2 protein chains.
Amino acid sequence: MLDQSNRSHPCGNCAFYKDSIWQPVSSSCVSVLSRGFLRRDLTAGQPLYYQDDDNRGVFCVSKGLIALRTQHHDGTSTLMRLAYPGEIIGFRSFLESRPHRTEARALVGSRVCTVAQRDARHVVQGNPSVLTRLASRCIKEIDRNHERIIAAATTSNKQRLSDILLRLMETHGERTGQFLHMQLPLSRSDLADLIGVQTETVSRLFTRIQADGIFRVSGREIQMLSVPSNKQSANM
Amino acid sequence: MLDQSNRSHPCGNCAFYKDSIWQPVSSSCVSVLSRGFLRRDLTAGQPLYYQDDDNRGVFCVSKGLIALRTQHHDGTSTLMRLAYPGEIIGFRSFLESRPHRTEARALVGSRVCTVAQRDARHVVQGNPSVLTRLASRCIKEIDRNHERIIAAATTSNKQRLSDILLRLMETHGERTGQFLHMQLPLSRSDLADLIGVQTETVSRLFTRIQADGIFRVSGREIQMLSVPSNKQSANM
DNA sequence: CGTCACGTTGAGCGACCTCAAAATCCGTGG
DNA sequence: CCACGGATTTTGAGGTCGCTCAACGTGACG
């Protein structure tokens with residue numbers, strides 16, 4: 001049995017330690033990491049950083065769910081990404097030393113670990129493999145964006161909303177007998193910003209999704225038949 | 001006057017030498033670069049690599065225009081990116097050592113420089129700054145994708161098509177008196193795959209764009225009043 | 001001269017938008 | 001415990017845009 005944890009490393013107790021971008025690093029850098037390390041708990045709705053803020057470090061979602069939004073000049077906004085546990089956020093502004101282009105806000109109670117900017121730079125400089133792993137996270141983000149662009153072009157809004165529910169259920173759902181259920185961590189207008197439609201349309205999409213019999217929706221309470229038998233792929 | 005060129009470096013004569021990701025590198029690596037370097041001219045329509053091909057190196061567009069497409073299972077495809085001169089392509093599969101997820105194909109006569117995979121890895125390993133610059137190109141790609149997602153959510157298809165014409169005109173247009181004109185390097189169905197509509201819709205969008213008086217369109221011949229007086233921002 | 005790829009045009013339909021109003025949820029204070 | 005106000009969500013009516021299907025034009029090429 002391998003010991004997956006490591007007491008001296010600040011990420012040593014994290015469920016995502018084995019995939020941490022900060023691991024492995026030279027032993028001298030472990031103490032630098034520990035010095036610049038901050039574990040922070042956010043309540044639902046609490047911001048981590050705002051659009052146009054200067055970068056303060058590299059953030060890792062340890063638990064919960066973080067929304068990355070960008071505000072537009074006309075007052076509307078787009079939800080660019082939902083960051084799930086184990087994911088890194090804020091890396092663009094860190095790597096490019098520029099202000100954040102999105103706002104990060106917890107959607108549910110969350111824990112976020114930060115490595116302060118100065119110390120993160122120090123560790124990156126001394127450990128090329130950290131940069132390689134950061135680049136890998138960049139590419140994951142590119143892949144996610146490509147999937148989203150492709151989905152927008154090839155998949156109906158109804159299907160995309162179903163897919164989002166499915167993904168959320170995977171992480172946030174609780175099993176009760178034959179059903180999974182959850183409190184939806186997003187408002188109708190968040191979902192609208194995510195799939196690129198109006199809030200009224202989201203409401204109507206929920207009605208249509210419910211009619212297919214896999215989901216039951218009541219406000220933010222979502223119930224789902226587990227093992228949805230892939231019947232939804234038959235819908236357009 | 002600084003000498004922007006460098007005879008011993010394979011990118012030394014390139015217009016984009018000063019922004020090359022392969023520059024600066026240690027002098028010992030310059031010869032490795034030269035060894036793995038291949039300058040290649042592509043005719044319009046010629047492929048550089050196919051989807052699912054193994055990575056053969058890092059490619060840099062020296063001149064021309066390269067389309068990056070992904071094919072879907074149902075036979076449709078999406079044009080993910082137009083790569084302009086000075087841009088790097090194929091970096092995802094290089095950095096992740098995985099097959100290409102897009103097909104790269106020249107839209108007009110183009111020149112592409114390749115650093116062979118083995119040598120590129122050698123140079124990256126010996127020069128951390130190369131990896132930093134590659135990461136920077138990754139982030140540029142993320143920024144482009146974000147802009148595209150935001151544009152899809154906030155801008156009309158007509159406006160987005162205009163924006164594409166404007167961008168192409170910038171690089172490919174030739175001035176004749178008061179007008180810029182070009183041979184459109186993309187078919188109607190390429191444009192459709194780029195903005196996510198049907199080819200018939202592209203045709204109708206051209207009709208409507210033309211009605212605004214800035215562009216004249218006849219098949220692939222596009223004419224534009226230069227300095228378009230930003231009137232198009234009035235259109236929705 | 002036929003063929004084939006490409007582009008345009010038309011008709012009918014469905015999805016989403018806008019504007020408006022009603023219903024529901026939720027926290028706060030009486 | 002209940003009433004109130006604000007935010008959120010749902011529902012309705014009517015309009016617009018893009019989709020589908022189909023026909024037709026055009027130009028390149030054998």
Side-chain angles (χ1 to χ4, degrees), chain A residues 43-45 67 72 74-79 105 107-108 151-162 164-165 182-212 215-223 235-236, chain B residues 43-45 67 69 72 74-79 105 107-108 151-162 164-165 183-212 215-223 235-236:
Chain A
T43 60
H72 312 131
D74 62 2
T76 64
S77 70
T78 300
L79 219 170
R105 192 179 289 269
L107 289 171
V108 299
T154 62
T155 313
S156 70
N157 290 334
K158 177 183 156 196
Q159 185 62 53
R160 285 194 294 141
L161 182 53
S162 286
I164 290 166
L165 292 183
M182 66 174 171
Q183 274 296 113
L184 189 60
L186 296 152
S187 69
R188 298 297 190 260
S189 85
D190 282 342
L191 289 168
D193 289 346
L194 198 52
I195 61 179
V197 298
Q198 300 303 116
T199 68
E200 297 95 325
T201 301
V202 172
S203 209
R204 292 183 237 265
L205 289 175
F206 270 123
T207 310
R208 287 167 50 199
I209 285 174
Q210 208 168 187
D212 291 343
F215 290 99
R216 289 203 59 200
V217 182
S218 169
R220 296 218 182 175
E221 181 63 33
I222 313 279
Q223 197 178 62
N235 312 329
M236 60 151 257
Chain B
T43 60
R69 280 191 186 79
H72 310 132
D74 63 1
T76 63
S77 71
T78 300
L79 220 171
R105 192 179 289 270
L107 290 171
V108 299
T154 61
T155 315
S156 70
N157 291 335
K158 178 182 155 199
Q159 184 61 52
R160 286 194 294 143
L161 182 54
S162 287
I164 290 165
L165 292 183
Q183 274 296 112
L184 189 59
L186 296 150
S187 68
R188 297 296 190 259
S189 84
D190 282 342
L191 289 168
D193 289 346
L194 198 51
I195 61 177
V197 299
Q198 301 303 115
T199 69
E200 297 95 324
T201 301
V202 172
S203 212
R204 292 183 238 267
L205 289 174
F206 269 123
T207 311
R208 287 166 51 198
I209 285 175
Q210 208 167 188
D212 290 343
F215 290 98
R216 290 204 57 199
V217 182
S218 169
R220 295 218 183 176
E221 182 61 35
I222 312 280
Q223 198 178 62
N235 313 328
M236 58 147 262

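All heavy atoms count here, side chains included; hydrogens, waters and symmetry mates do not. Because the structure is predicted, anything quoted here is derived from the model rather than measured. Below, chains carry the letters A, B, ... as their sequence lines are ordered, and counting in each starts from 1.
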Round to a whole Å and report the spacing from [atom1] of [X] to [atom2] of [N].
X      : N      : atom1 : atom2 : answer
A/E221 : D/dT10 : CD    : P     : 14 Å
A/L184 : D/dT10 : CG    : P     : 10 Å
B/I209 : D/dG18 : CD1   : C1'   : 15 Å
B/R188 : C/dG7  : CZ    : C1'   : 7 Å

Assign a letter to each nucleotide of nucleotides 23-30 of chain D from its 5' end: B, base within under 4.0 Å of a protein heavy atom; S, sugar-phosphate only; -, no contact. --------
How does each nucleotide of nucleotides 23-28 of chain C score, in 5' to 3' order, for protein heavy atoms under 4.0 Å: base (B), sugar-phosphate only (S), or none (-)? ------
With a 4.0 Å limit, can you tell me whether [X] has a side-chain N or O closer than that to the phosphate oxygens OP1/OP2 of [N]?
X      : N      : result
B/R220 : C/dG7  : yes
B/R208 : D/dG18 : yes
B/N157 : D/dC17 : no

Atom pair CG (B/L186) and CD1 (B/I164), whose distance is rounded to the nearest 0.5 Å: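 Between atom CG of B/L186 and atom CD1 of B/I164 there are 8.0 Å.
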The salt bridge (Lys or Arg N to Asp or Glu O under 4.0 Å) partners of A/R105 (sequence neighbours excluded) come to A/E103
Taking [X] for its side chain and [Y] for its backbone only, find out whether a donor-acceptor pair lies under 3.5 Å.
X      : Y      : value
A/Q210 : A/V217 : yes
B/S218 : B/E221 : no
B/R188 : B/Q198 : no

Any residue meeting side-chain hydrogen bond (donor to acceptor under 3.5 Å, both in side chains) with [X], in chain and number order, not counting sequence neighbours:
X      : result
B/R160 : B/N157
A/S203 : none
B/T207 : none
A/T43  : A/Q46

Could you walk me through whether A/L205 and A/L191 pass the side chain to side chain contact (heavy atoms under 4.5 Å, CB included) check? CA-CA 11 Å; A/L205 289 175; A/L191 289 168; over 6 Å; no
Hey, what bend do you get for the helix from C/dC1-D/dG30 to C/dG30-D/dC1 if you fit axes on five pairs at each end, rounded to 10°?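 Overall, the helix from C/dC1-D/dG30 to C/dG30-D/dC1 bends by 30° from one end axis to the other.
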Testing the basics here: between A/S162 and A/I209, what is the closest heavy-atom pair and its distance to 0.1 Å? OG-CD1, 3.6 Å
Shortest non-hydrogen contact from A/A44 toward A/L107: CB-O, 3.7 Å
By side-chain contact (heavy atoms from CB on, under 4.5 Å) - contacts of B/S187 (at least two apart):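 By the side-chain contact (heavy atoms from CB on, under 4.5 Å) rule, B/S187 matches B/S189, B/D190, B/R220.
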Would you jot down, in residue-number order, the residues of residues 195-206 of chain A having a non-hydrogen atom under 4.0 Å from DNA chain D? A/E200, A/S203, A/R204
